[in-house]
Amino acid sequence: QVQLVESGGGLVQAGGSLRLSCAASGRAFSSYNMGWFRQAPGKEREFVAAIGRSGGSTNYADSAKGRFTISRDNAKNTVYLQMDSLKPEDTAVYYCAARRWEMGWSTVFSEYNYWGQGTQVTVSS
């Protein structure tokens with residue numbers, strides 16, 4: 001079982017930056033592809049970014065590409081989402097999620113095996 005705890009959310013002005021962290025429990029963090037998703041008020045949860053188990057491959061939603069960077073430190077059992085040039089439309093609860101690497105890539109939240117409680121990101125205009 002993987003326990004995921006997100007942190008780093010908060011209130012930021014448009015154009016600012018935040019760095020989200022997701023700390024994972026257990027000894028097998030490197031066996032999981034990791035993803036970030038977000039859900040804005042009244043909207044469906046959407047894919048933001050994903051990273052392969054080694055950190056060498058990444059995938060981004062068009063809305064995140066060029067502004068967000070996903071990374072991971074397997075020695076620390078942590079995945080990060082660096083968010084730059086934030087916009088009000090980035091306001092959402094951000095979730096990290098883990099998917100067993102042998103199951104392949106996915107941009108669908110329900111196809112991930114574990115997810116955290118979320119961290120709120122609010123971007124003011």
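Everything numeric in this text was worked out from a predicted model, so none of it was measured. Along the sequence shown, the residues carry numbers beginning at 1.
For the residue pair Ile51 and Trp105, the shortest heavy atom distance occurs at C-CH2, 3.7 Å. Residues Val2 and Tyr114 share a closest heavy-atom pair of O-CD2, 3.5 Å. In plain terms, the two heavy atoms of Gly9 and Val121 that are nearest each other are CA-CG2, 4.1 Å. Contact detail for Ala14 and Pro88: the closest heavy-atom pair is CB-CD, 4.1 Å. Considering every non-hydrogen atom in both Gly8 and Leu18, the closest pair reads O-CD2, 3.8 Å.
A salt bridge between Asp62 and Lys65 is present, with a side-chain N of the basic residue lying under 4.0 Å from a carboxylate O of the acidic one.
For the pair Thr122 and Val12, the minimum side-chain heavy-atom distance is 4.5 Å or more. Side-chain contact check for Met83 versus Tyr94: some heavy-atom pair is nearer than 4.5 Å.
A distance of 12.5 Å separates OG of Ser21 from CG of Leu4, quoted to the nearest 0.5 Å. Considering CD of Gln13 and CG of Leu86, their distance stands at 11.5 Å, rounded to 0.5 Å. Atom CZ of residue Phe29 and atom CG of residue Asn74 lie 5.5 Å apart, to the nearest 0.5 angstrom. Here the straight-line distance linking atom SG of Cys96 with atom CZ of Arg72 works out to 10.5 Å at 0.5 Å rounding. One distance of note links CG of Leu81 with CZ of Arg38; it measures 9.5 Å at 0.5 Å rounding. The CG atom of Asn77 sits 10.0 Å away from the SG atom of Cys22 when rounded to the nearest 0.5 Å.
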For this session: Quick one: do Ile70 and Tyr60 satisfy side-chain contact (heavy atoms from CB on, under 4.5 Å)? Show the steps, please.
Result: CA-CA 9 Å; Ile70 188 171; Tyr60 296 93; 3.5 Å; yes
For this session: Take Tyr80 and Leu20, measure what side-chain contact (heavy atoms from CB on, under 4.5 Å) needs, and give me the verdict at the end.
Result: CA-CA 5 Å; Tyr80 305 96; Leu20 306 183; over 6 Å; no
For this session: Applying side chain to side chain donor-acceptor pair (under 3.5 Å), run through Thr69 and Gln82 and close with a yes or a no.
Result: CA-CA 5 Å; Thr69 303; Gln82 177 67 43; over 6 Å; no
For this session: Take Met34 and Arg99 through the test side-chain contact (heavy atoms from CB on, under 4.5 Å) and record every step on the way to the result.
Result: CA-CA 6 Å; Met34 300 295 297; Arg99 177 172 167 86; over 6 Å; no
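No hydrogens or angles considered: a donor-acceptor pair under 3.5 Å links the side chains of Glu6 and Gln117. Using modelled atom types and a 3.5 Å distance limit, the side chains of Thr78 and Asp73 yield no donor-acceptor pair.
Counting Ile, Leu, Val, Met, Phe, Trp and Tyr side chains that sit under 4.5 Å apart, directly or through other members, Phe37 shares a hydrophobic cluster with Phe47, Val93, Tyr95, Phe109, Tyr112, Trp115.
Judged by a 6.0 Å distance limit and a 45° cone about the ring axis, Arg53 is not positioned over the six-membered ring of Tyr32.
Heavy atoms of other residues, nucleotides or ligands lying less than 6.0 angstrom from CD of Glu102 number more than 12.
Annotation: disulfide bond (SG atoms under 2.5 Å apart) contacts involving residues 25-86, sequence neighbours excluded, are absent.
Under the 3.5 Å distance criterion, the side-chain polar atoms of Thr91 are matched with a main-chain donor or acceptor of Val123.
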